[in-house]
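Predicted model only: the values in this text are computed from it and were never measured.
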Amino acid sequence: MTKNLRASALSCIFLAAWSFSLGAQSLPSGAILAGAREGLYRLDKKGGPAKLWSGGEVKKILKGDGGWLFLTSAGIFFSADLASFEERNAGLPFKTLKFFKDGAKGFKREVVDLKDLESDPDNPKTLVSCSKDEVFLSRDSGLSWSRIDTPVPLISGLKAAAVHSKPRLTVIASHPIKGLWSINPEDKKPVWVSYNAGLSLIPSTTMVDEIADIRALSGPDGVSIYASGSFQPKLYLRDPGASSFRTLYAKASDFGMLESLVFLKDSVGFISADSALRVSTGIQGAPASLAATWDEANQNASRARAALGAGLDCIFYQSAADEAVSLNELWLLERKYSTPHADKVSGLDGIYLQTGFINTKLDFYRNLMKERGINMLTVDMKDDVGRLRFEPKSPIIKEMS
């Protein structure tokens, strides 16, 4: 009798631990993980936000192998239970910062700013990340990282990355000037190759529009690659085996960004200006009228913003259809920008040019601004290391430079 009671008690303990472990891998209905400038929070269906982690800004949340992965201002972190958090930055580059506090000088090391974090749809242990200068690959859920040479040396600005392993390991990265690139890291001599076929050009230029987000979706026919525009609100799809992208959706607007691609049943969700939308994956060249408002995402984002304020960066939740939804770049959903800088530029539409374009094509861009109703011009006077792009005539500027 005593043995049976002891065995029964041990079984109950085991089952309780097993149930807790299962619960650690999913969120209950109505719960939201929210990343903000001050850290990570959990919002339950009823009750205010509970702070889970305060080690930095949380910019993106992914469901990983056995838990959650977090892209933060302090690098990449992992948690299996949302109670303990493990740093996973081995192999990523660090920078040393000098600071002054109470009259004393000090130094601290920080992981370089990471722009993106994605996983292989067929092997969640394989991850890719990027800084503005380099791409990083992990085969063990971020426990170690290896560096991949940048596709565009000497020109910074990588924005997004994706990875897939079928039919072979492939990494894709987005560069703001040179577009998309792909590489097969397991080749004897890996080489980045252009991945731009089918993508739209920036009007009046020969440059591909900047890509804001890239994601790989594995299906029975192979891997599909989705990409979204930074300045032209377009969603692109590269079908399995295809040699170029096609436009899956184009918003009826000359300018705009589509961010944070999410795969849903028979549709793709994303963040656009003022609203989360979803578009059927079976419609080619769908007009804006066929983009449906993604009510669940908008409601959850509004709920998180009401709880955390303007510092909200990203959310993660399980949809009503039990889909894992990770949304970042939530600043796009802000209906009101109330900072002093935002007030100054309210109502202005501008273009950005380097000094060389001003010296050689000023009349062209002046006419373009008149034609498009553009009322602001930003000229980049320095290169990436702070050197002036022109020979100054002003004695004051000469002295400063």
Side-chain angles (χ1 to χ4, degrees), residues 23-54 57-64 67-72 77 79 81-83 85 116-119 212-213 215 217 226 228 233 235 249 251 256-281 291-338:
Q25 307 306 319
S26 60
L27 291 173
S29 176
I32 299 173
L33 293 180
R37 294 171 196 157
E38 297 78 21
L40 177 70
Y41 298 82
R42 173 172 166 159
L43 286 73
D44 290 319
K45 201 166 187 178
K46 295 181 180 179
K51 198 165 194 177
L52 304 178
W53 182 80
S54 56
E57 181 178 9
V58 178
K59 300 182 285 187
K60 191 171 187 178
I61 304 169
L62 289 184
K63 193 70 177 294
W68 286 269
L69 289 159
F70 305 93
L71 177 65
T72 81
F77 283 76
S79 178
D81 55 11
L82 299 179
F85 294 82
D116 198 9
L117 176 65
E118 285 292 350
S119 62
D213 198 14
R215 286 207 66 190
L217 176 64
Y226 290 78
S228 61
L235 176 64
Y249 164 77
K251 191 175 181 181
M257 177 185 289
L258 304 186
E259 261 287 7
S260 192
L261 301 177
V262 178
F263 296 132
L264 307 166
K265 185 179 180 180
D266 300 325
S267 66
V268 177
F270 51 84
I271 298 295
S272 181
D274 298 333
S275 181
L277 303 173
R278 56 193 301 172
V279 173
S280 170
T281 54
T293 301
W294 188 4
D295 293 330
E296 185 183 55
N298 286 310
Q299 291 165 5
N300 283 330
S302 296
R303 180 179 149 204
R305 182 171 294 106
L308 299 177
L312 179 68
D313 286 330
C314 60
I315 60 173
F316 177 95
Y317 66 91
Q318 296 289 138
S319 74
D322 200 30
E323 300 155 320
V325 176
S326 174
L327 292 171
N328 55 298
E329 305 288 354
L330 292 183
W331 59 271
L332 271 171
L333 298 182
E334 289 281 357
R335 267 56 172 187
K336 181 181 180 182
Y337 301 93
S338 57

Between [X] (side chain) and [Y] (backbone), is there a donor-acceptor pair under 3.5 Å?
| X | Y | value |
| --- | --- | --- |
| Ser326 | Ile61 | yes |
| Arg278 | Leu264 | no |
| Lys251 | Ala291 | no |
| Asn298 | Ala276 | yes |
| Glu259 | Leu332 | no |
| Lys60 | Leu117 | yes |

(request) Verify the distance criterion only: is there a donor paired with an acceptor across the side chains of Asp213 and Ser228 at less than 3.5 Å? (result)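 The criterion, which ignores hydrogens and geometry beyond distance, is not satisfied for Ser228 and Asp213.
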(request) Take the angle between the ring planes of Phe77 and Trp53 and call it parallel below 30°, perpendicular above 60°, tilted in between. (result)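 The rings of Phe77 and Trp53 sit tilted, inter-plane angle from 30° to 60°.
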(request) Given side chain to side chain contact (heavy atoms under 4.5 Å, CB included), test Gln318 with Lys63 step by step and report yes or no. (result) CA-CA 10 Å; Gln318 296 289 138; Lys63 193 70 177 294; 4.2 Å; yes
(request) Take Leu217 and Val268 through the side chain to side chain contact (heavy atoms under 4.5 Å, CB included) test and state the conclusion after the steps. (result) CA-CA 11 Å; Leu217 176 64; Val268 177; over 6 Å; no
(message) What verdict does the side chain to side chain contact (heavy atoms under 4.5 Å, CB included) test give for Leu235 and Leu261, after you've listed the backbone C-alpha separation in whole Å, the side-chain angles of each residue and the deciding distance to 0.1 Å?
(response) CA-CA 9 Å; Leu235 176 64; Leu261 301 177; 3.7 Å; yes
Could you state the interatomic distance from [atom1] ([X]) to [atom2] ([Y]), rounded to the nearest 0.5 Å?
| X | Y | atom1 | atom2 | answer |
| --- | --- | --- | --- | --- |
| Leu69 | Ser119 | CG | OG | 8.0 Å |
| Leu62 | Phe70 | CG | CZ | 9.5 Å |
| Leu277 | Ser267 | CG | OG | 11.0 Å |
| Asp295 | Ser302 | CG | OG | 10.5 Å |
| Ile32 | Arg42 | CD1 | CZ | 11.0 Å |
| Asp116 | Lys59 | CG | NZ | 10.0 Å |

(message) Within the structure provided, determine whether Ile271 and Leu330 are in side-chain contact (heavy-atom separation under 4.5 Å).
(response)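 Contact flag for Ile271/Leu330 side chains = yes.
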(request) Find out whether Phe316 and Leu27 are in side-chain contact, i.e. whether some heavy atom of one side chain is under 4.5 Å from a heavy atom of the other. (result)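 A side-chain contact exists here, since the closest heavy-atom pair is under 4.5 Å.
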(request) Take Asn328 and Leu71 through the test side chain to side chain contact (heavy atoms under 4.5 Å, CB included) and record every step on the way to the result. (result) CA-CA 10 Å; Asn328 55 298; Leu71 177 65; over 6 Å; no
Please report the closest heavy-atom contact between [X] and [Y], naming both atoms and the distance.
| X | Y | result |
| --- | --- | --- |
| Ala36 | Asp313 | C-OD2, 3.7 Å |
| Met257 | Ala212 | CG-CB, 4.3 Å |
| Leu43 | Ala304 | CD2-CA, 3.8 Å |
| Val262 | Ala324 | CG1-O, 4.3 Å |

(message) Phe270 and ring pair (Phe, Tyr, Trp, His ring centres under 6.0 Å): which single residue from Tyr249, Phe263, Trp294 fits?
(response)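 Single pass found, and it is Tyr249.
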(message) Going by the rule side chain to side chain contact (heavy atoms under 4.5 Å, CB included), which residues pair with Ala301 if we only count those two or more places apart in sequence or in a different chain?
(response)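 Ala301 satisfies side chain to side chain contact (heavy atoms under 4.5 Å, CB included) with Ile315, Leu333 once adjacent residues are dropped.
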